[in-house]
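Structure record follows, encoded as structure tokens.
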2 protein chains.
Amino acid sequence: MTGTAIKNWQSVQQEVLNRINSKLWKPGDLIPNEAQLASEFGCARATVNRALQNLADTGLLERRRKAGTRVATHPVRKATLDIPIIRKEITGKGYAYRYALVSTETVVPPRDMAARMRLKPDEKILHIVGLHMANGEPYVFENRWINSNVVPAVRDVDFSKQSPNEWLVENIPFTSGDIAFSALCAGAFEAEMLSCKTGEGLFVIDRSTWKAEGAITSVRLVFAPGYRIHTEI
Amino acid sequence: MTGTAIKNWQSVQQEVLNRINSKLWKPGDLIPNEAQLASEFGCARATVNRALQNLADTGLLERRRKAGTRVATHPVRKATLDIPIIRKEITGKGYAYRYALVSTETVVPPRDMAARMRLKPDEKILHIVGLHMANGEPYVFENRWINSNVVPAVRDVDFSKQSPNEWLVENIPFTSGDIAFSALCAGAFEAEMLSCKTGEGLFVIDRSTWKAEGAITSVRLVFAPGYRIHTEI
DNA sequence: GAGTGGTCTAGACCACTGT
DNA sequence: CAGTGGTCTAGACCACTCC
């Protein structure tokens, strides 16, 4: 009755999904162990492992050694967002990209930012404000702090030619970090920068990235009204 | 000089990361193939494969058969968001959870919603409006449409006792869908529902889920001011 | 202690794709 | 066509954790 043979990890995954959807395996149920499923499906245990691990990654199964594999009772769905560099995002939509540097200075940041980046007292770092534009319209406003003591090379960069977003991505390869998404209501400042009305709802991304030596950069991106970030699950 | 032995896929991944960070392998570079790395590291090719595949999943490497593996020039960073059910999110923060049903009715939805859910003309579906509260304060406002023709069981549920969010998660197990994040400025309606001022920036999640037979549900969640969604990368 | 998932190995074949 | 990643296999050992 199964119709298609079960030979690869994708079909194992599909069969497991079917059993969950048909409520043969209900939320909270313990499912057979890998060895049993492997012999049932006629494949190697590693193949079953690959499939179940993938489902556990998406939050649909919960696995623990010795305890076995259960169907998640309250699935925490995991959505994966793509965060491209801004120029790519804009040109990818078919718009002309332009970056406008608003200001750049080396100063002592506000106390909350200094704390978040764990700076020494009165430590001066680079502050860069700029605007990314799509077809000449403001697209996102970038307010960035870069720890020029951790990344000295940044002092020699001409940010009127290349956005800090892009320079960092290309020159400070891999870093851990965190991202937060939130919303903001346009005040006079945001309205002027983004050429919109005050009182518009604006989408905001705050991001910080880190190296062993300390915080590299912390940035707030404020998007023009109507911006959406979208993904499939 | 490597200090630690390279025996498992995590250490292979770490070594690859080190080589990228130290610019031994620069963005755009072709790196040695799996067989070469395996013999260099003294492990099996499958182990190298696991490590490189993981890095490709996070967007740091680009892999193509025959073409080989390259360090991504413009890494599209992938952030994974956890989307818990709302009750869990609230109780997980240590707040008391309460759900208040505002209204429920079976009606013909507005045209844009009917189109998004691909309904037949004049098809009536279930519309449920409710409010999730944390410690008695409005937390998120839920405006949901459920295709009661695809999910007939929903007609017998008492949504004053259980939120549709939770009922769907537990009873309509796995579905594909899409999710979008955006921002909204509180108007009079949102301000009243969420007990906030008009003109506050509100975080919005729109989600639709699908089954083979058609759209199951489409929901807009409007969060109280100050809501952030956070993840590490 | 024992059962389960997590991982490694060595070898094999397949699928895709650049040349 | 040939080189590369993608995957499967059978077997093995290990790590964790429930009882």
Side-chain angles (χ1 to χ4, degrees), chain A residues 2 4-17 19-20 25-73 75-76 78 80, chain B residues 2 4-17 19-20 25-73 75-76 78 80:
Chain A
T2 43
T4 49
I6 296 182
K7 283 265 92 188
N8 51 23
W9 71 265
Q10 290 94 336
S11 56
V12 171
Q13 171 168 333
Q14 192 53 57
E15 177 59 23
V16 172
L17 283 176
R19 293 186 184 188
I20 293 174
W25 294 340
K26 295 187 262 309
D29 281 2
L30 195 62
I31 75 173
N33 69 32
E34 294 187 348
Q36 288 164 352
L37 289 175
S39 86
E40 183 190 344
F41 294 149
C43 66
R45 183 167 80 91
T47 306
V48 174
N49 179 278
R50 173 79 192 259
L52 297 187
Q53 217 161 49
N54 202 46
L55 290 172
D57 281 345
T58 70
L60 210 69
L61 294 178
E62 289 170 356
R63 321 191 74 199
R64 278 205 317 274
R65 285 162 152 128
K66 164 78 180 175
T69 300
R70 289 177 183 279
V71 180
T73 45
V76 174
K78 317 256 196 224
T80 303
Chain B
T2 44
T4 48
I6 296 181
K7 282 265 94 190
N8 50 22
W9 70 266
Q10 290 94 337
S11 56
V12 171
Q13 171 168 335
Q14 192 53 57
E15 176 58 23
V16 171
L17 282 176
R19 293 186 184 188
I20 293 174
W25 294 339
K26 295 186 265 308
D29 280 2
L30 195 62
I31 76 173
N33 69 33
E34 294 187 349
Q36 289 164 353
L37 289 175
S39 86
E40 183 192 343
F41 294 150
C43 66
R45 183 166 81 92
T47 306
V48 174
N49 180 279
R50 173 80 192 259
L52 297 187
Q53 215 160 48
N54 201 46
L55 290 172
D57 282 345
T58 70
L60 210 69
L61 294 178
E62 289 170 356
R63 322 191 72 199
R64 279 207 317 275
R65 286 161 149 127
K66 162 78 179 177
T69 300
R70 290 178 181 278
V71 181
T73 44
V76 174
K78 314 250 197 232
T80 302

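In this text, all values refer to a predicted model and were calculated from it rather than measured experimentally. These values consider heavy atoms only, across backbone and side chains, with no hydrogens, waters or symmetry-generated copies. All chains are named by letter (A, B, ...) in the order of the sequence lines, taking the proteins before the strands, and each is independently numbered beginning at 1.
- You'll find that the side chain of A:R50 is closest to D:dT7, out of C:dG5, C:dT7, D:dT7.
- OP1 or OP2 of D:dG6 lies within a sub-4.0 Å distance of a side-chain N or O belonging to B:N49.
- Residue B:A46 is classed as a base contact, given a heavy-atom separation below 4.0 Å to a base.
- In this structure, the CG atom of B:L55 is 12 Å from the P atom of D:dG6, given to the nearest Å.
- Between the CG atom of B:N54 and the P atom of C:dT7 there is a distance of 10 Å, given to the nearest Å.
- B:E62 is linked by a side-chain hydrogen bond (donor to acceptor under 3.5 Å, both in side chains) to nothing, counting only residues two or more places apart in sequence or in another chain.
- Look at A:Q36 and you won't find any side-chain N or O under 4.0 angstrom from OP1 or OP2 of C:dT4.
- Each of B:N33 and A:W9 was matched to the nucleotide of DNA chain D holding its nearest heavy atom; the match closer to the 5' end belongs to B:N33.
- Listed pair A:T69 / C:dT4 fails the phosphate criterion, with no side-chain N or O lying under 4.0 Å from OP1 or OP2.
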Would you please test A:L60 and A:L17 for side chain to side chain contact (heavy atoms under 4.5 Å, CB included) and show each step?
CA-CA 9 Å; A:L60 210 69; A:L17 283 176; 3.4 Å; yes
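- Atoms CZ (B:F41) and C1' (C:dC8) sit 16 Å apart, rounded to a whole Å.
- Counting all heavy atoms, side chain and backbone alike, B:A72 lies closest to B:G59 at CB-O, 3.5 Å.
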Please report, to 0.1 Å, the donor-acceptor pairs under 3.5 Å made by any side chain of residues 41-56 of chain A, with sequence neighbours excluded.
unit_1	atom_1	unit_2	atom_2	d
A:R45	NH1	A:E34	OE1	2.6
A:N49	ND2	A:E34	OE2	2.8
A:N54	ND2	A:Q13	OE1	2.9

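- Counting only heavy atoms from C-beta on, B:R63 has its side chain closest to D:dG5 among D:dG5, D:dC8, C:dT7.
- Comparing atom distances between the A:Q10 side chain and each of D:dC8, C:dA10, C:dT7 picks out D:dC8 as nearest.
- Atom CD in B:E62 sits about 14 Å away from atom P in D:dG5, given to the nearest Å.
- Contact between the side-chain N/O atoms of A:N8 and the OP1/OP2 oxygens of D:dT7 is not found at any separation under 4.0 Å.
- Taking every heavy atom of both residues into account, A:P75 and A:T73 meet most closely at CD-O, 3.2 Å.
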Take B:V12 and B:E15, measure what side chain to side chain contact (heavy atoms under 4.5 Å, CB included) needs, and give me the verdict at the end.
CA-CA 5 Å; B:V12 171; B:E15 176 58 23; 5.8 Å; no
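- The side chain of A:R45 approaches C:dG6 more closely than any other nucleotide in the set D:dT9, D:dT7, C:dG6.
- In this structure, B:I31 and B:I20 have side chains that are not in contact, with every pair of non-hydrogen atoms separated by 4.5 Å or more.
- The phosphate of C:dG6 (OP1 or OP2) has a side-chain N or O of A:Q53 nearer than 4.0 angstrom.
- Rounded to an integer number of Å, the gap from CD of B:E34 to P of C:dG11 is 16 Å.
- Listed pair B:T47 / C:dT9 meets the phosphate criterion, a side-chain N or O lying under 4.0 Å from OP1 or OP2.
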At under 4.0 Å between heavy atoms, which parts of nucleotides 14-19 of chain D does protein reach? Answer with one letter per nucleotide, 5' to 3': B base, S sugar-phosphate only, - none.
-BBBB-
